[in-house]
Student: 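I'd like to ask you about the structure that follows.
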Amino acid sequence: MSYNFDSFNPAQRAAVEYCDGPSLVIAGAGSGKTRVLTHKIAYLMSECGLQPWEILALTFTNKAAREMKERIDGIVGGDGAKHLWMGTFHSIFLRILRAEHEAIGFSANFTIYDTADSKSLLKTITKEMGLDDKTYKQSDVLGRISNAKNRLVSADDYVNSPEYFKADSQSRKPAIGSIYKRYANRCRQADAMDFDDILLYTFYLFEKNEDIRRKYVERFRYVLVDEYQDTNYAQHRIVYQLTKERQRLCVVGDDAQSIYSFRGANIDNILTFNKLYEGAQTFKLEQNYRSTQMIVNAANSLICKNRGQIQKNVFSENDPGERIKVSEAYSDVEEGQIVIRQIEHLRRAENAEYSDFAILYRTNAQSRVFEEALRKSGMPYKIYGGLSFYQRKEIKDIIAYFRMIVNPNDEEAFKRIINYPARGIGNTTLQKIIDCANNNSTSLWNVICNPEVYSLGLSNATMARVNVFRELIEKYMSIAATENAEEVGRGIVVDSGIYADVHSSSDAEDLVRQENVDELVSGLSDFVQSRLEEDNNNVTITDYLSEVSLLSDLDSDKGGDEHKITLMTIHSAKGLEFPTVFVVGLEENLFPSQMACESMREMEEERRLFYVAITRAERHCFLSYAKSRYRYGKMEFGNPSRFLSDIAPEYLDRRSTVKSSFGRSADVELPWKRKTNVYNDEPEFMRSNNAYSRPAAPSRTVSMPNISGGVSSFTPKVQNTDAFTPVTGIRRVSKVTDANVTNASAKSPEASASIAVGKHIEHQRFGIGVVEKIEGTGDQMKATINFNNLGKKQLLLKFARFKVID
DNA sequence: CCGATACGCATTTTT
DNA sequence: TGCGTATCGG
């Protein structure tokens, strides 16, 4: 009956066991946080009598949610985890908003605008309002709006707020309020929400509909929040709405690893948790099981330079380990070589795998040099970051068609595809449609569906072209509810002319587009397939869209990427660990970033970022900086990062540091030492975003054409197809042609016939498992399979792709 | 309406 | 440097 806590330390165990009231788990880096979280959920189910659907567990990534579910199934056995309400804030609340759409005045199929859609709409709006789009840069304006929403400030609140108006006026952007107002109206008109709206509307849904709030309070008998240090105010308040009566919640996080305040995360949520939830128990997980003592100590000595943290004592009882090595390189290229030499050395000395290494940097642009160096030396690597699959133009175009079919009022989708592929509808025509829609407070789609009502004033020829488009969309709208997503998707890709368009030429660029389109279609096919296997319902394009709208960069760990060196930004490395980590580019104005030097808040966030970087390392951690590097095509000279001197010297090995042969010596007279620490922190209510650009720091750029010639010859090709070239975003290794896709979805009647309880089968996606139960007959025949890696799943044999192996 | 060329401007980004 | 957008000419 009692839970097995054998392998837990006292703090971990206490954190798992305490379920009666609010609790805050401060989980130092590498302290087994995920383990506590997953076991706590298992414990709630097995020891506290909670059903999985009575538990709400909020994470920050889809990947985290997926991995935790798998681990929970592993602990509990069976497939209970799939009934948990576990997912990102956005996906969980989107689900609730769709169910309660009437209460917020949206239709059930409202669209989610991604950042590009939002910016595009803002651009349209600034133009309409006759504002200068240099003063009202879309990214700035969107940042402001986003920030307001994250603080639960609606458009109406905003225009009525003297503070916001004053701040905007001071930065000479007094119209932001009216832009926000107009933006919000347009989103509503288009039946669309942006990412931040998901939280904003959830808050208002609960705030204004007590009955609905009660319903979910009743449902969620226990609430858990992971990465609490990265929640913003809106998320924090929503959690409070759901937990204030019962107070049964557990938040887990580490204030020292808060690195997303630029996106609105508010570290105060975790720092003041005990005030909001009085009597909350605090548990500190302080033993680090990941890293050597040296690494932990070095990280501690760094992070204690920040103020205002929760007191804790992270320690390691692992090997003492070796000091952190610091290397100085003359150039960015040499820095790459240093890293490579070190990898070669450790491969020989410790028999290390390529996958044991990670190269972490502050900005994506830094990946170039390492890519080049690794390619030259023939080492396999993979790069994370860059354009995700769903951000590619050809993919966005297709998705825009899907969006139109599901919600024809979607203005951004409309703008994107009205003339793609080209059908002779230009900007003038589009502008007329938009103006007309604005004047009549309706959607673009309504305007083209009722041209006589809204007197569009288009020529007959143009109107005819518009009608072709309208009929195309209408045709698919009418079949979207009954046909499955794959049929609809294939149909639209061909019918719209996209297929012909990407096949119109065969240069390298177009080949990539073709592959992407094929990949989307095969992804669609996979999606339909896996949904069909698990239940019998029709899988529509609406289902598909609601699945992909919150999937930004599809976690590319699909396989085939083992045995490779990992290159990524420090931000994306959060939560990961590697035996050996290289933190590169430790230079002033790069890390810490130039942008962070004005405010202490941001400087401390940079320091936490460095802390995160170091604590990714299990055994070896290497730091490096280059005295010169190419930036924006120019050679720049830099100084070593102040962070290097933030680490206590007894944990560093700076032997390899060569004294500078030109310029200033690294350890003497550093520019920031002359500065007193006066930071211009913004007023509290507009903090933590990038909405206002700061005055640029004086440039120290020096042009050095002679040197630049030599170095620029390393410049990699843009489009590369050799074997080591990583593909950013997701990749499916298999090339799936039309024919293959159809074959792949074929049923396997022979397999279904020979299946029996006790037999082993190999499923195409789920791997190997044992048949535990068979029920139903004919098309309804289902089997319960216990998969080795995934636990139990019910499959509908009619659709399942597997073979019997014994 | 589309292509070519010029300009300007650059963090981090789980959603 | 190199990408994304703005503008002009066909």
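Worth knowing before you read on, the calculation uses all heavy atoms, side chains too, and leaves out hydrogens, waters and symmetry mates. This one's a predicted model, so the numbers in the text were calculated from it and none came from an experiment. Residue numbers start from 1 in every chain, and the chains themselves are labelled A, B, ... in the order their sequence lines are given, proteins ahead of strands.
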Student: What does Y260(A) touch in the nucleic acid at a heavy-atom separation under 4.0 angstrom: a base, only the sugar-phosphate, or nothing?
Tutor: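 If one applies the 4.0 Å heavy-atom cut-off, Y260(A) turns out to touch a base.
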Student: Just how far, in rounded Å, is C1' of dG2(C) from CD of Q366(A)?
Tutor: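 Result: 17 Å.
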Student: To the nearest Å, give me how far apart CG (D230(A)) and C1' (dT14(B)) are.
Tutor: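 My rounded result for the distance is 8 Å.
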Student: Ignoring the backbone of A596(A), work out which of dT15(B), dA6(C), dT11(B) is nearest its side chain.
Tutor: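 Nearest nucleotide to the side chain: dT11(B).
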Student: Please tell me which of the listed nucleotides, dT13(B), dT12(B), dT15(B), lies nearest to the side chain of S572(A)?
Tutor: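 Output: dT13(B).
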Student: Looking only at the side chain of K123(A) (C-beta and beyond, no hydrogens), which of the listed nucleotides dT5(C), dT13(B), dT15(B) gets closest?
Tutor: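 When the side chain of K123(A) is considered, dT5(C) is the closest of dT5(C), dT13(B), dT15(B).
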Student: Keeping the roles fixed (side chain from T126(A), backbone from D133(A)), state whether a donor-acceptor pair exists under 3.5 Å.
Tutor: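 No: the side chain of T126(A) does not pair with the backbone of D133(A).
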Student: Give a yes/no verdict on base stacking between dT12(B) and F262(A): centres under 5.5 Å, planes within less than 30° of parallel.
Tutor: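 Stack criterion met.
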Student: Output the rounded distance in Å from OH (Y384(A)) to C1' (dT13(B)).
Tutor: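 So the OH-C1' distance, Y384(A) to dT13(B), works out to 17 Å.
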Student: Quick one: E605(A) CD to dT12(B) P, roughly how many Å, whole number?
Tutor: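 It is 14 Å, rounded to the nearest whole Å.
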Student: Assess whether a salt bridge exists between K33(A) and E227(A), defined as any Lys/Arg side-chain N lying under 4.0 Å from an Asp/Glu carboxylate O.
Tutor: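 Between E227(A) and K33(A) there is a salt bridge, with a charged N closer than 4.0 Å to a carboxylate O.
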Student: Using atom NZ of K127(A) as one end and atom P of dT5(C) as the other, report the distance to the nearest whole Å.
Tutor: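 Rounding to the nearest Å, NZ of K127(A) and P of dT5(C) are 12 Å apart.
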Student: If you compare every side-chain N and O of N364(A) against the phosphate oxygens of dT12(B) (OP1, OP2), does one of them come in below 4.0 Å?
Tutor: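 Affirmative; the distance criterion is met.
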Student: Could you check whether atom CG of N460(A) has more than 12 heavy atoms from other residues, nucleotides or ligands sitting under 6.0 Å from it?
Tutor: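 Counting neighbours around CG of N460(A), 12 or fewer heavy atoms of other residues, nucleotides or ligands fall under 6.0 Å, so no.
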Student: Give me the ring orientation class for H236(A) and Y228(A): parallel if the planes are under 30° apart, tilted from 30 to 60°, perpendicular past 60°.
Tutor: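 Ring orientation of H236(A) relative to Y228(A): tilted.
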Student: Can you tell which of dT14(B), dG2(C), dT12(B) lies closest to the side chain of R263(A)?
Tutor: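 Out of dT14(B), dG2(C), dT12(B), the nucleotide with an atom closest to R263(A)'s side chain is dT14(B).
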Student: To the side chain of T569(A), which of dT14(B), dT15(B), dT12(B) is closest?
Tutor: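 Nucleotide nearest to T569(A)'s side chain: dT12(B).
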Student: Which nucleotide in the list dT13(B), dT15(B), dT11(B) gets nearest to the side chain of T363(A)?
Tutor: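 Of all the options, the side chain of T363(A) is nearest to dT11(B).
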Student: Look at all strands and tell whether G424(A) reaches a base, only sugar-phosphate, or nothing, counting heavy atoms closer than 4.0 Å.
Tutor: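 It contacts sugar-phosphate atoms only.
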Student: Could you go through nucleotides 3-10 of chain B and list every protein N or O atom that sits under 3.5 Å from one of its N or O atoms, giving the distance for each pair?
Tutor:
from    : atom 1 : to      : atom 2 : distance (Å)
dA10(B) : OP2    : K137(A) : NZ     : 3.1

Student: Please set out all donor-acceptor pairs under 3.5 angstrom arising from side-chain atoms of residues 88-96 of chain A, sequence neighbours excluded.
Tutor:
from   : atom 1 : to      : atom 2 : distance (Å)
T88(A) : OG1    : S91(A)  : N      : 2.9
T88(A) : OG1    : S91(A)  : OG     : 3.0
H90(A) : NE2    : F195(A) : O      : 3.4
S91(A) : OG     : T88(A)  : N      : 3.2
S91(A) : OG     : T88(A)  : O      : 3.2

Student: Under 4.0 Å between a Lys/Arg side-chain N and an Asp/Glu carboxylate O for D332(A) and R631(A)?
Tutor: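 Salt bridge: no.
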Student: How do I425(A) and S593(A) order along DNA chain B: which one's closest nucleotide is nearer the 5' end?
Tutor: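 This one resolves to I425(A).
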Student: N427(A) has an atom CG; how far is it from atom C1' of dC8(C), in whole Å?
Tutor: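 Taking atom C1' of dC8(C) as the reference, CG of N427(A) is at 14 Å.
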Student: Closest approach to the side chain of N419(A), judged atom by atom: which nucleotide of dA6(C), dC2(B), dT14(B) is it?
Tutor: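 Shortest atom-to-atom distance from the side chain points to dC2(B).
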Student: Base of dT11(B), side chain of R362(A) - is there a donor-acceptor contact under 3.5 Å?
Tutor: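 No such pair is found, so the answer is no.
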Student: E605(A) and salt bridge (charged side-chain N to carboxylate O under 4.0 Å, His left out): which single residue from R607(A), R608(A), R601(A) fits?
Tutor: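 Going through R607(A), R608(A), R601(A) one by one, the salt bridge (charged side-chain N to carboxylate O under 4.0 Å, His left out) with E605(A) is satisfied by R608(A) alone.
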Student: Considering only side-chain heavy atoms of A422(A), which listed nucleotide, dT12(B), dC2(B), dT14(B), is closest?
Tutor: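 That would be dC2(B).
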Student: Between atom CZ in R392(A) and atom C1' in dG4(C), what is the gap in whole Å?
Tutor: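 R392(A) atom CZ is separated from dG4(C) atom C1' by 17 Å.
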Student: Would you kindly compare T428(A) and E606(A) by the position of their nearest DNA chain B nucleotide and give the one closer to the 5′ end?
Tutor: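 It is T428(A), whose closest nucleotide lies nearer the 5' terminus.
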Student: Round to a whole Å and report the spacing from CD1 of I383(A) to P of dT12(B).
Tutor: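 Going from I383(A) (CD1) to dT12(B) (P), I get 14 Å.
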Student: Among L458(A), I448(A), N419(A), find the residue that satisfies the side-chain contact (heavy atoms from CB on, under 4.5 Å) test when tested with I425(A).
Tutor: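 By the side-chain contact (heavy atoms from CB on, under 4.5 Å) criterion, I425(A) pairs with just one of L458(A), I448(A), N419(A): N419(A).
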